[in-house]
Amino acid sequence: MELDFGPAVRDFRDEVRDWLADHLVGEFAENRGVGGPTDGAAWEVRLAWDRELSAGGWLGVGWPQEYGGRGLGLLEEIVFEYEYARVNAPYRATVNALDLLGPMLLKMGSETQKKRFLPPILAVEELWGQGFSEPGAGSDLASVRTRAERDGDEWVVSGQKVWTSFGIHADWIYVLTRTDPQSVRHKGLSLLLVPTDQPGVEIRPIRNLAGQDEFAEIFLSDARTGADMVVGEVGQGWRTAMATLGIERGTTLLPQQLTFEREAEALIDLARERGALDDPMLRRRIVDAWISVRIMRTTNLRTIAELTAGRTPGAQATTAKLYASTRHQQLGQLATELAGPAGQIVGDDYALDRRQRSFLLALAETIYGGSSEIQRNIIGEQVLGLPKEPRP
């Protein structure tokens with residue numbers, strides 16, 4: 001896939017390409033395409049790669065210079081992400097802070113918080129985890145039960161969080177808590193920044209189907225953080241959390257889409273090797289898979305065009321996550337079928353090949369970042385104007 005974003009950013013594009021060609025070598029090149037939103041493979045290599053990017057000034061391309069960024073525009077950010085994905089560089093280990101927390105702090109954080117946290121993020125000195133989901137409060141975040149009480153110059157936080165990506169590596173977590181004990185649902189919530197290196201925080205890894213432990217559950221027992229560690233206003237945490245999820249759902253699909261295109265091309269190569277293209281039913285499914293990744297490309301390009309024009313993305317941005325996650329699962333299922341018995345045999349110590357790992361990890365894509373059920377409700381109510389689903 002080749003895209004030309006125009007002469008205004010052509011020199012910047014060439015700079016990105018040259019730097020990646022010079023630095024994506026050795027063990028970094030050996031780990032091209034490794035990792036993902038739910039894939040903790042080659043963690044130390046990816047962390048070293050992030051530090052390499054940091055030294056080159058490629059983390060936080062669009063962040064203000066006073067916090068360590070380059071201060072460039074949205075179009076340069078998109079060009080960098082596209083070129084990064086085009087060369088299949090390792091998935092960044094610091095994605096939680098770079099793609100979610102950092103933009104949230106830039107939008108809603110205090111000046112003190114920005115100066116304290118943004119430079120260490122770009123220097124890869126502090127890692128972050130997200131403390132949103134809870135047992136019984138996953139996609140329905142308004143049901144969170146984790147509580148925080150004010151005690152002088154500190155907040156005291158107690159509760160449980162789950163499905164924290166790369167939580168076992170986190171130095172800090174941003175936690176959605178209920179600071180008003182009399183409140184219900186969306187009201188009375190606050191978003192706190194909590195350090196993990198303290199007696200009141202216990203982090204336990206959760207092993208997934210691919211045998212990895214990039215997810216974690218976090219137990220907070222009278223954990224403490226400063227009174228100034230509230231992002232936004234006290235009691236307005238729902239607005240802050242939704243801004244974060246809007247970043248997650250709306251602007252991070254381009255690298256994934258390019259990965260899906262590569263998987264579709266590998267699927268076609270596998271089908272040729274197995275003679276599957278001679279079967280009209282399989283051939284139809286393969287063509288359908290290829291069409292689906294082309295639709296993802298078109299959807300992303302429409303969203304990029306609207307963002308760079310300063311417009312709010314339209315309905316296609318709302319449907320993009322639902323479509324991409326469900327179609328990627330179907331792509332993985334088809335690849336597993338075409339591989340035959342060999343696709344079900346693992347190596348020593350449950351070692352998985354790239355196709356097997358992608359298939360297993362894709363099973364979570366219709367859950368994280370907003371489950372498919374919630375996505376369909378959003379599309380029905382906000383895009384199609386249908387009546388809201390009855391509440392119990």
Side-chain angles (χ1 to χ4, degrees), residues 96 100-114 117 128-164 172-194 200-201 217-250 312 318 321 367-371 373-383 385-392:
N96 250 326
L100 299 176
L101 175 72
M104 179 186 69
L105 288 178
L106 286 169
K107 183 177 181 179
M108 309 189 76
S110 69
E111 187 60 28
T112 299
Q113 291 168 351
K114 293 175 187 178
F117 293 112
W128 285 81
Q130 184 186 82
F132 280 9
S133 296
E134 299 180 6
S139 294
D140 184 17
L141 285 179
S143 299
V144 296
R145 294 191 295 272
T146 295
R147 297 185 178 276
E149 298 179 0
R150 186 70 179 267
D151 180 19
D153 293 334
E154 293 183 314
W155 290 99
V156 182
V157 188
S158 295
Q160 180 184 354
K161 296 296 180 177
V162 73
W163 307 123
T164 299
W172 287 76
I173 52 176
Y174 49 106
V175 184
L176 188 63
T177 67
R178 193 166 296 282
T179 48
D180 180 356
Q182 305 302 318
S183 66
V184 295
R185 300 294 297 167
H186 309 84
K187 299 179 180 179
L189 300 172
S190 300
L191 196 139
L192 305 181
L193 309 177
V194 180
V201 179
E217 55 183 342
I218 300 177
F219 297 86
L220 303 163
S221 304
D222 293 334
R224 291 180 174 266
T225 193
D228 59 344
M229 290 294 103
V230 180
V231 181
E233 299 178 24
V234 175
Q236 298 298 315
W238 181 257
R239 184 163 62 92
T240 306
M242 289 304 99
T244 307
L245 291 178
I247 296 166
E248 182 178 18
R249 291 169 180 163
T312 301
T318 308
K321 192 269 181 185
I367 300 174
Y368 66 73
S371 70
E373 291 77 11
I374 295 297
Q375 294 295 308
R376 292 187 179 99
N377 282 349
I378 293 172
I379 293 167
E381 295 171 9
Q382 298 182 13
V383 178
L386 300 175
K388 290 188 175 183
E389 189 174 81
R391 302 292 184 187

| query | Think Arg150 forms a cation-pi with Trp155, using NZ or CZ under 6.0 Å from the six-ring centre and within 45 degrees of its axis? | reply | yes

Residue pair [X] / [Y]: nearest heavy atoms and the distance that separates them:
{"X": "Val231", "Y": "Thr240", "result": "O-OG1, 3.5 Å"}
{"X": "Lys114", "Y": "Leu106", "result": "NZ-O, 3.4 Å"}
{"X": "Gln113", "Y": "Leu105", "result": "OE1-CD2, 4.1 Å"}
{"X": "Ser183", "Y": "Gly188", "result": "OG-CA, 3.5 Å"}
{"X": "Leu176", "Y": "Glu134", "result": "O-OE2, 4.3 Å"}
{"X": "Leu193", "Y": "Thr225", "result": "O-OG1, 2.5 Å"}

Side-chain contact test, heavy atoms from C-beta onward, threshold under 4.5 Å: evaluate it for [X] versus [Y] and give yes or no.
{"X": "Leu189", "Y": "Thr177", "result": "no"}
{"X": "Lys161", "Y": "Val175", "result": "yes"}
{"X": "Arg145", "Y": "Gln160", "result": "no"}
{"X": "Arg178", "Y": "Val144", "result": "yes"}

Just verifying a value: how many Å separate [X] [atom1] and [Y] [atom2], rounded to the nearest 0.5 Å?
{"X": "Ile173", "Y": "Leu192", "atom1": "CD1", "atom2": "CG", "answer": "10.0 Å"}
{"X": "Leu191", "Y": "Gln130", "atom1": "CG", "atom2": "CD", "answer": "9.0 Å"}
{"X": "Thr112", "Y": "Asp228", "atom1": "OG1", "atom2": "CG", "answer": "7.0 Å"}
{"X": "Ile379", "Y": "Gln375", "atom1": "CD1", "atom2": "CD", "answer": "6.5 Å"}
{"X": "Arg224", "Y": "Met229", "atom1": "CZ", "atom2": "CE", "answer": "15.5 Å"}
{"X": "Ser190", "Y": "Glu233", "atom1": "OG", "atom2": "CD", "answer": "10.0 Å"}

| query | Would Leu101 and Asn96 count as a side chain to side chain contact (heavy atoms under 4.5 Å, CB included) if you check the C-alpha gap in whole Å, the side-chain angles of each, and the deciding distance to 0.1 Å? | reply | CA-CA 6 Å; Leu101 175 72; Asn96 250 326; over 6 Å; no

| said: Ring-plane angle category for Phe132 and Tyr174, please: parallel below 30°, perpendicular beyond 60°, tilted otherwise. | reply: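 Answer is perpendicular, since the angle exceeds 60°.
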
| message | Assess whether a salt bridge exists between Lys388 and Glu381, defined as any Lys/Arg side-chain N lying under 4.0 Å from an Asp/Glu carboxylate O. | response |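 So Lys388 does not pair with Glu381 through a salt bridge.
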
| query | Is the side chain of Thr179 donor-acceptor paired with the backbone N or O of Ala148 at a distance under 3.5 Å, no angle test? | reply |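 No: the side chain of Thr179 does not pair with the backbone of Ala148.
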
